[in-house]
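Below, each value reflects all heavy atoms present in this structure, side chains not excepted, and no hydrogens, waters or symmetry copies.
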Amino acid sequence: MRRGDLSDTEWTRLEPHLPKNVGRGGRWKSHRRVLNGILFRQRTGAPWRDLPPRFGKWKTVYDRHRRWSADGTWERILQALQADADAEGRIDWSMVSVDSTSCRAHQHASGARRTAPRVPGWHGRPAQHRPDEALGRSRGGLTCKIHLVSEGRLRPLAFLITPGQWGDSPQLIPVLERLRVPQLSGGRPRTRPDHLGGDKAYSSRRNRRYLRRRQIKHTIPEPKDQRANRQRRGSNGGRPTAFDKDRYRRRNEVERTINALKTFRAVATRYDKRAYVFHGTVTTAAIRLWLRA
């Protein structure tokens with residue numbers, strides 16, 4: 001085992017959730033070697049063609065990553081690891097936080113075809129395909145944004161990828177709708193945390209109404225302009241929003257989770273042309289974080 005490869009303990013936890021070989025001769029070969037190649041590329045950000053020979057053919061490694069990004073295999077593996085952790089009581093539901101981070105897009109990430117992507121050997125449209133490929137242009141050039149919900153132990157629970165110029169507040173509801181942790185004992189998956197924390201960028205009447213309807217307690221500061229507008233309306237402005245300073249100090253947990261994700265160079269800088277492939281890249285990095293002790 002070399003630096004960055006899956007350890008025996010991590011492989012033991014991951015192997016039961018991987019696709020099985022079905023039929024004569026099998027279909028998937030060398031799962032562990034291919035996964036180590038994918039993790040090497042995620043960690044270093046190297047081009048697929050420059051993978052070391054010890055991982056096999058670079059085309060095999062790339063095709064498996066692209067295929068599993070298209071058919072949702074990476075997401076199913078992530079949910080399976082989250083379900084195992086929840087069954088063992090290793091998820092801190094007492095406080096989850098939401099935030100976003102911008103990722104600079106490399107020049108090779110632009111120029112994707114406008115037609116819908118096709119994945120060899122798989123019939124269907126990638127679930128995470130976006131017509132805009134989640135690329136936006138700002139003062140710094142091409143960027144994309146990752147909207148993230150993390151738990152108290154610095155691991156991502158759900159995320160959403162959008163163009164870089166999209167705001168944070170409108171994406172609070174979509175990213176919370178992606179929060180689904182299955183229960184091994186059966187029943188509905190868990191979709192509601194005990195408490196939610198976010199910065200003032202997520203303060204809006206629409207978001208607070210949504211959180212109250214779902215009975216999710218939250219700590220989101222109110223900006224000065226919104227507070228002045230509420231006070232100007234008098235009794236029609238509603239009650240002042242509650243704010244707990246002690247709980248708000250835990251909001252740094254999501255920022256530390258983002259820092260952990262961006263230790264993967266392929267996440268900190270986007271090299272993938274297609275949005276669904278970059279979504280699989282971020283999902284693979286999240287899986288790596290869930291595998292760690």
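Tested against L39 for a side chain to side chain contact (heavy atoms under 4.5 Å, CB included), the candidates L291, T44, T284, V34 yield a single pass: T284. Considering E255, R249, R256 as possible partners of N252, the one that fulfils the side-chain hydrogen bond (donor to acceptor under 3.5 Å, both in side chains) test is R256.
We find the OG1-NE2 distance between T162 and H147 to be 3.0 Å, quoted to the nearest 0.5 Å. A distance of 8.5 Å separates NZ in K145 from CD in Q171, rounded to the nearest 0.5 Å. The distance from the CH2 atom of W93 to the CD atom of E151 is 8.5 Å, given to the nearest 0.5 Å. In this structure, CZ in R90 is found 9.0 Å from CG in L81, a value given to the nearest 0.5 Å. Taken to the nearest 0.5 Å, the CD1 atom of I38 stands 12.5 Å off from the CZ atom of R66. Atom-to-atom distance recorded for R270:CZ and C144:SG is 5.0 Å, nearest 0.5 angstrom.
Side-chain contact between R76 and T73 is present, with heavy atoms from C-beta onward closer than 4.5 Å. For the pair S69 and T283, the minimum side-chain heavy-atom distance is 4.5 Å or more. Side chains of C103 and T269 form no contact here, defined as non-hydrogen atoms less than 4.5 Å apart. Side-chain contact check for P174 versus L160: some heavy-atom pair is nearer than 4.5 Å. Put simply, the side chain of V98 does not reach to within 4.5 Å of the side chain of D199, judged on heavy atoms. The side-chain heavy atoms of T281 and R41, taken from C-beta on, include a pair separated by under 4.5 Å. Annotation: side chain of L18 is in contact with side chain of L35 (closest heavy-atom distance under 4.5 Å). Residues R208 and I220 have side chains in contact (heavy-atom distance under 4.5 Å, counting atoms from C-beta outward).
Judged by distance alone, with hydrogens and angles left aside, the side-chain atoms of S7 form a donor-acceptor pair with the main-chain N or O of E10 at under 3.5 Å. When atom types are taken as modelled, the side chain of E88 and the backbone of A85 share no donor-acceptor pair closer than 3.5 angstrom. Distance alone, capped at 3.5 Å, places no donor-acceptor pair between the Q183 side chain and the S185 backbone. Side-chain N or O atoms of Q128 include none that pairs as donor or acceptor with a backbone N or O of G72 at under 3.5 Å. For R192 (side chain) and R214 (main-chain N/O), a donor-acceptor pair under 3.5 Å exists by modelled atom type. R13 places a side-chain N or O within donor-acceptor distance of the main-chain N or O of W290, the cut-off being under 3.5 Å.
For S150, the side-chain contact (heavy atoms from CB on, under 4.5 Å) criterion is met by V254, T257, not counting sequence neighbours.
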Applying salt bridge (Lys or Arg N to Asp or Glu O under 4.0 Å), run through R153 and E253 and close with a yes or a no.
-> CA-CA 8 Å; R153 297 186 178 179; E253 294 170 353; over 6 Å; no
Would you please test I146 and V267 for side chain to side chain contact (heavy atoms under 4.5 Å, CB included) and show each step?
-> CA-CA 10 Å; I146 303 175; V267 176; 4.0 Å; yes
Would Y271 and H106 count as a ring pair (Phe, Tyr, Trp, His ring centres under 6.0 Å) if you check the C-alpha gap in whole Å, the side-chain angles of each, and the deciding distance to 0.1 Å?
-> CA-CA 5 Å; Y271 300 98; H106 193 267; 5.2 Å; yes
Start with the C-alpha distance between L196 and K217, add both sets of side-chain angles, then the distance that settles side chain to side chain contact (heavy atoms under 4.5 Å, CB included), and finish with yes or no.
-> CA-CA 6 Å; L196 177 71; K217 298 179 180 179; over 6 Å; no
Would you sort out whether L135 and T143 count as a side chain to side chain contact (heavy atoms under 4.5 Å, CB included), showing the intermediate values?
-> CA-CA 6 Å; L135 281 177; T143 57; over 6 Å; no
Could you please spell out the steps behind the ring pair (Phe, Tyr, Trp, His ring centres under 6.0 Å) verdict for H65 and W48?
-> CA-CA 11 Å; H65 175 63; W48 291 102; 5.5 Å; yes
Mind running side chain to side chain contact (heavy atoms under 4.5 Å, CB included) on E75 and H279 for me, showing each step along the way?
-> CA-CA 9 Å; E75 294 181 343; H279 188 278; 2.8 Å; yes
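The neighbour count for R43 CZ, taken as heavy atoms of other residues, nucleotides or ligands under 6.0 Å away, is above 12.
Of the N and O atoms on the side chains of H195 and T219, at least one donor lies less than 3.5 Å from an acceptor on the other residue. In this model, a donor atom of one side chain and an acceptor atom of the other lie less than 3.5 Å apart for S100 and D168. Between K262 and T101, the side chains place a donor N or O and an acceptor N or O closer than 3.5 Å (distance only, hydrogens not considered). Residues D272 and H108 bring no donor and acceptor atom of their side chains to less than 3.5 Å of each other.
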Would you tabulate the side-chain donor-acceptor contacts of residues 49-62 under 3.5 Å, counting partners in other chains and residues two or more places apart, or write 'none'?
unit_1	atom_1	unit_2	atom_2	d
R54	NH1	D5	OD2	3.2

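Closest approach of G45 and R265 over heavy atoms only: N-CB, 3.9 Å. Counting all heavy atoms, side chain and backbone alike, F264 lies closest to A285 at CD1-CB, 3.7 Å. Here the closest non-hydrogen pair linking L142 and S110 is CD1-CB, 3.5 Å. Between Q79 and P182, the shortest heavy-atom distance links the atoms O-CD, 3.7 Å. The two residues R247 and M95 make their nearest non-hydrogen contact at O-CE, 3.5 Å. In plain terms, the two heavy atoms of S169 and A201 that are nearest each other are CB-O, 3.2 Å.
Under a hydrophobic clustering in which Ile, Leu, Val, Met, Phe, Trp and Tyr are joined whenever their side-chain heavy atoms come within less than 4.5 Å, directly or via other members, L157 and I173 fall into the same cluster. Using a 4.5 Å cut-off between side-chain heavy atoms of Ile, Leu, Val, Met, Phe, Trp and Tyr, with links allowed through other members, I258 and L154 fall into different hydrophobic clusters. Linking Ile, Leu, Val, Met, Phe, Trp and Tyr whenever their side-chain heavy atoms come within less than 4.5 Å puts L172 and L179 in one cluster.
For E133 and R274, the salt-bridge test passes: some basic side-chain N is under 4.0 Å from an acidic carboxylate O. Using a 4.0 Å cut-off between a side-chain N of Lys or Arg and a carboxylate O of Asp or Glu, R250 and D92 qualify as a salt bridge. Contact check on E15 versus R32 returns no salt bridge, with no Lys/Arg side-chain nitrogen under 4.0 Å from an Asp/Glu carboxylate oxygen.
Legend: ring-ring contact (aromatic ring centres under 6.0 Å, His included) pairs involving residues 214-234, not counting sequence neighbours: none detected.
Ring geometry for W74 versus W68: interplanar angle over 60°, hence perpendicular rather than tilted (30 to 60°).
Geometrically, R130 engages W166 in a cation-pi contact, judged by NZ or CZ lying under 6.0 Å from the ring centre and within 45° of the ring axis.
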